[in-house]
Amino acid sequence: MQQTLSYEGYTLVFEDNFDSRILNRENWVVEQHEPGWVNAEWQRYVDSPETVFLREGKLCLKSVKTVEADGTISYASGRISTEHKQDFTYGIFEARLKVPRGAGLLPAFWLMATDEERYGNWPCCGEIDIMEIKGQDSKTNYATIHFGLPHQQRQGVFTLEAEDFADSFHTFSLEWLPGMLRWYVDGKLFFQETSWYSTDAQGVRMPFPAPFDHKMYLILNLAVGGNWVGYPDETTEFDAAIYAVDYVKVYQITT
């Protein structure tokens, strides 16, 4: 099994180093969604300079907690994607990231199907999670695929021994090949998957490697709360709740 990531035969086809003063909206959509839109999450995703901004050559996605005079608490956060702007089938998908600490915070870097109707709505369309790190356990990265009907998933885990993903930047990569998915942290392979399927509403399976055989787009987001990560508590420091992205790159094999 290949143990380190190789770029041999690949060409860089997409790159954003976030070196400009403002986000390049030719490449990125700042998504807006209401609380509870998915996974019982608490945040409202907003298009605001408080939650999505560039600073010192980094994209920053920030979660903001607001307490009203009557005691009502609300949360806003940032989520961007390349939906309908940049999408890809196969390649190496990579980002250099630093995550926030804090109970109930969930930064993520992932891929979603551009054409959800091809095989059906989630989970039939497929989802590939390259990086998800729980803020209360920021030493551990989860790599996951979602697929099938009923919902199925496969998951790999990578845990740092000496430090923490919130202490410094680390590089998270996915190599997506026909019938093969490989996940890497700092160029080291930690999970590989070749088993999945797609099923329509009548239970008919689509030809392998569906659903991971058509265009997907990139998503970066910082969720607050949810069924899987849990919810913030009194220890969660929102002033420091920043998910920083140094760069995002996509490589594809060229002939």
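Computed from heavy atoms alone, side chains included, the values below leave out hydrogens, waters and symmetry copies.
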Would you name the heavy atoms of [X] and [Y] that are closest together and state the gap between them?
{"X": "Leu111", "Y": "Trp176", "value": "CD1-CE3, 4.2 Å"}
{"X": "Tyr197", "Y": "Phe147", "value": "O-CD1, 3.2 Å"}
{"X": "Thr89", "Y": "Gln252", "value": "O-NE2, 3.1 Å"}
{"X": "Gln86", "Y": "Thr82", "value": "O-OG1, 2.6 Å"}
{"X": "Ala113", "Y": "Cys125", "value": "CB-O, 3.7 Å"}

*Would you kindly say whether Trp28 and Asp16 are connected by a side-chain donor-acceptor distance under 3.5 Å?*
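Side chains of Trp28 and Asp16: pair found under 3.5 Å.
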*asked:* Does either side chain, that of Gln32 or that of Asp47, offer a donor lying less than 3.5 Å from an acceptor on the other one?
replied: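 Checked: Gln32/Asp47 side chains show no N/O donor-acceptor pair below 3.5 Å.
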_By the definition ring pair (Phe, Tyr, Trp, His ring centres under 6.0 Å), identify the one residue from Phe158, Phe191, Trp228, Phe190 that meets it with Tyr142._
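Testing each of Phe158, Phe191, Trp228, Phe190 against Tyr142, the sole residue satisfying ring pair (Phe, Tyr, Trp, His ring centres under 6.0 Å) is Trp228.
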*Among Tyr7, Phe14, Tyr10, Phe88, which residue meets the ring pair (Phe, Tyr, Trp, His ring centres under 6.0 Å) test with Tyr251?*
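Going through the options one by one, the only one that passes is Tyr7.
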Inspect the surroundings of [atom1] in [X] and state if more than 12 heavy atoms from other residues, nucleotides or ligands are less than 6.0 Å away.
{"X": "Gln155", "atom1": "CD", "result": "yes"}
{"X": "Asp239", "atom1": "CG", "result": "no"}
{"X": "Lys188", "atom1": "NZ", "result": "no"}
{"X": "Glu31", "atom1": "CD", "result": "yes"}

*If you group Ile, Leu, Val, Met, Phe, Trp and Tyr by side-chain heavy-atom gaps below 4.5 Å, do Phe165 and Val245 land in one group?*
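Yes, Phe165 and Val245 fall within the same hydrophobic cluster.
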*Are Leu218 and Leu181 in one and the same hydrophobic cluster, where Ile, Leu, Val, Met, Phe, Trp and Tyr link if side-chain heavy atoms are under 4.5 Å apart?*
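Result: yes, single cluster for both.
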*Sub-3.5 Å donor-acceptor pair from the side chain of Glu193 to the main-chain atoms of Trp183, do we have one?*
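Not confirmed, Glu193 side chain does not pair with Trp183 backbone.
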_Under the criterion salt bridge (charged side-chain N to carboxylate O under 4.0 Å, His left out), I'd like the reasoning laid out for Asp167 against Lys139: C-alpha separation, chi angles, the key distance, then a yes or no._
CA-CA 9 Å; Asp167 290 330; Lys139 295 172 69 71; over 6 Å; no
*What is the distance from atom CE of Met131 to atom OG1 of Thr144, rounded to the nearest 0.5 Å?*
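Going from CE on Met131 over to OG1 on Thr144, the span is 11.5 Å.
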*Find the distance between CG (Leu189) and CG (Leu5) and round it off to the nearest 0.5 Å.*
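It is 9.0 Å, given to the nearest 0.5 Å.
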*Mind checking ring-ring contact (aromatic ring centres under 6.0 Å, His included) for Trp122 and listing every partner two or more places apart, or none if nothing turns up?*
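Trp122: ring-ring contact (aromatic ring centres under 6.0 Å, His included) contacts with His146, His151.
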*Side chains of Phe172 and Ile133 in contact at under 4.5 Å (non-hydrogen atoms)*: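 Side-chain contact under 4.5 Å: yes.
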List the atom pairs, with distances to 0.1 Å, where a side-chain N or O of residues 56-67 and a protein N or O form a donor-acceptor pair under 3.5 Å, not counting sequence neighbours.
unit_1 : atom_1 : unit_2 : atom_2 : d
Lys62  : NZ     : Phe238 : O      : 2.9
Ser63  : OG     : Ser77  : OG     : 2.8

